[in-house]
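The structure appears below as structure tokens.
Only heavy atoms go into these numbers, but all of them, side chains included; no hydrogens, no water, no symmetry mates.
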Amino acid sequence: MERRTAVLLLRPRTGEVSAGVTWPAAGGRARAAALLLAPDRFGGTSRAEYAAALANGSGYVVVDLRCGGTGPHSAGDVDAGELGVAAYTLGWLADHAAELGAEAAEVVVVSVPPAVETARAVTARARAEGWPRVARHIRIDEFAAAGPSNGERD
């Protein structure tokens with residue numbers, strides 16, 4: 001079955017933000033919705049390739065957002081603009097997960113370096129505020145063809 005993708009245009013207060021949407025190749029409803037935070041390319045793999053591997057390997061509908069590729073960050077640094085856009089996108093995804101075909105009410109946050117700190121911050125912010133419900137944050141260091149092969153969970 002062919003992979004379904006779309007481009008999502010969001011409008012937070014800071015201006016328009018483009019994100020990709022990838023559904024699992026199997027069709028039908030997705031197990032859950034995931035927000036993938038990643039730079040355009042990391043380790044020779046594009047963000048769209050990471051999204052496809054995650055969707056097919058996990059059964060998630062994936063919204064992928066460019067993050068972590070705006071410049072050098074030291075460990076623990078989080079770009080305030082990226083955090084705001086990621087938080088807005090996470091909230092939008094939680095509100096619209098069912099419309100995108102996700103079964104679960106909770107969302108998953110997935111990150112590849114160098115977006116890990118932003119993902120941790122947006123996950124902590126959502127948990128502190130009590131919404132949206134984040135099931136977990138998964139840090140992906142490597143992807144196999146079938147999906148995530150090495151993940152650190154927060």
Side-chain angles (χ1 to χ4, degrees), residues 2-42 45-73 77-140 143 147-148 151 153-154:
E2 194 169 310
R3 179 178 65 181
R4 290 186 331 160
T5 62
V7 175
L8 178 65
L9 186 61
L10 300 172
R11 293 185 176 89
R13 288 182 233 152
T14 56
E16 292 183 344
V17 175
S18 178
V21 183
T22 305
W23 286 268
R29 293 192 61 82
R31 289 181 344 155
L35 174 61
L36 171 63
L37 301 176
D40 288 334
R41 292 198 76 75
F42 182 75
T45 303
S46 73
R47 191 175 71 244
E49 290 169 320
Y50 278 109
L54 181 60
N56 293 329
S58 66
Y60 297 156
V61 58
V62 179
V63 171
D64 63 275
L65 182 66
R66 181 180 185 274
C67 186
T70 59
H73 298 298
D77 281 352
V78 175
D79 180 275
E82 282 188 352
L83 178 58
V85 169
Y88 179 88
T89 305
L90 181 63
W92 186 93
L93 181 56
D95 283 344
H96 298 275
E99 293 169 45
L100 293 173
E103 292 179 355
E106 297 176 323
V107 295
V108 176
V109 176
V110 181
S111 63
V112 296
V116 171
E117 295 302 326
T118 301
R120 285 184 175 150
V122 77
T123 299
R125 180 172 165 175
R127 288 180 177 158
E129 293 176 1
W131 186 91
R133 290 178 38 205
V134 176
R136 66 188 159 276
H137 165 231
I138 304 170
R139 174 187 165 159
I140 302 300
F143 269 82
R153 296 175 183 223
D154 288 341

Minimum heavy-atom separation for [X] to [Y], with atom names?
X: Arg136; Y: Tyr60; result: NH2-OH, 2.8 Å
X: Leu65; Y: Ala86; result: CD2-CA, 3.8 Å
X: Ala104; Y: Ala32; result: CB-CB, 3.9 Å
X: Ala121; Y: Val78; result: CB-CG2, 4.1 Å

Out of curiosity, [X] [atom1] to [Y] [atom2], how far, rounded to the nearest 0.5 Å?
X: Leu35; Y: Thr123; atom1: CG; atom2: OG1; answer: 8.5 Å
X: Leu83; Y: Arg125; atom1: CG; atom2: CZ; answer: 5.0 Å
X: Arg127; Y: His137; atom1: CZ; atom2: NE2; answer: 9.5 Å
X: Thr45; Y: Ile140; atom1: OG1; atom2: CD1; answer: 12.5 Å
X: Ser18; Y: Arg66; atom1: OG; atom2: CZ; answer: 11.5 Å

Does [Y] offer a backbone N or O that forms a donor-acceptor pair with the side chain of [X] under 3.5 Å?
X: Tyr50; Y: Phe42; value: yes
X: Trp23; Y: Leu100; value: yes
X: Arg31; Y: Ser58; value: yes

Output every pair passing ring-ring contact (aromatic ring centres under 6.0 Å, His included) with a member in residues 90-112, not counting sequence neighbours, ordered by first then second residue.
Trp92-His96

Hey, which of Thr89, Leu10, Leu37 is the one that makes side-chain contact (heavy atoms from CB on, under 4.5 Å) with Val63?
Thr89

Taking the side chain as C-beta and beyond, is there a heavy-atom pair between Arg139 and Pro113 under 4.5 Å?
yes

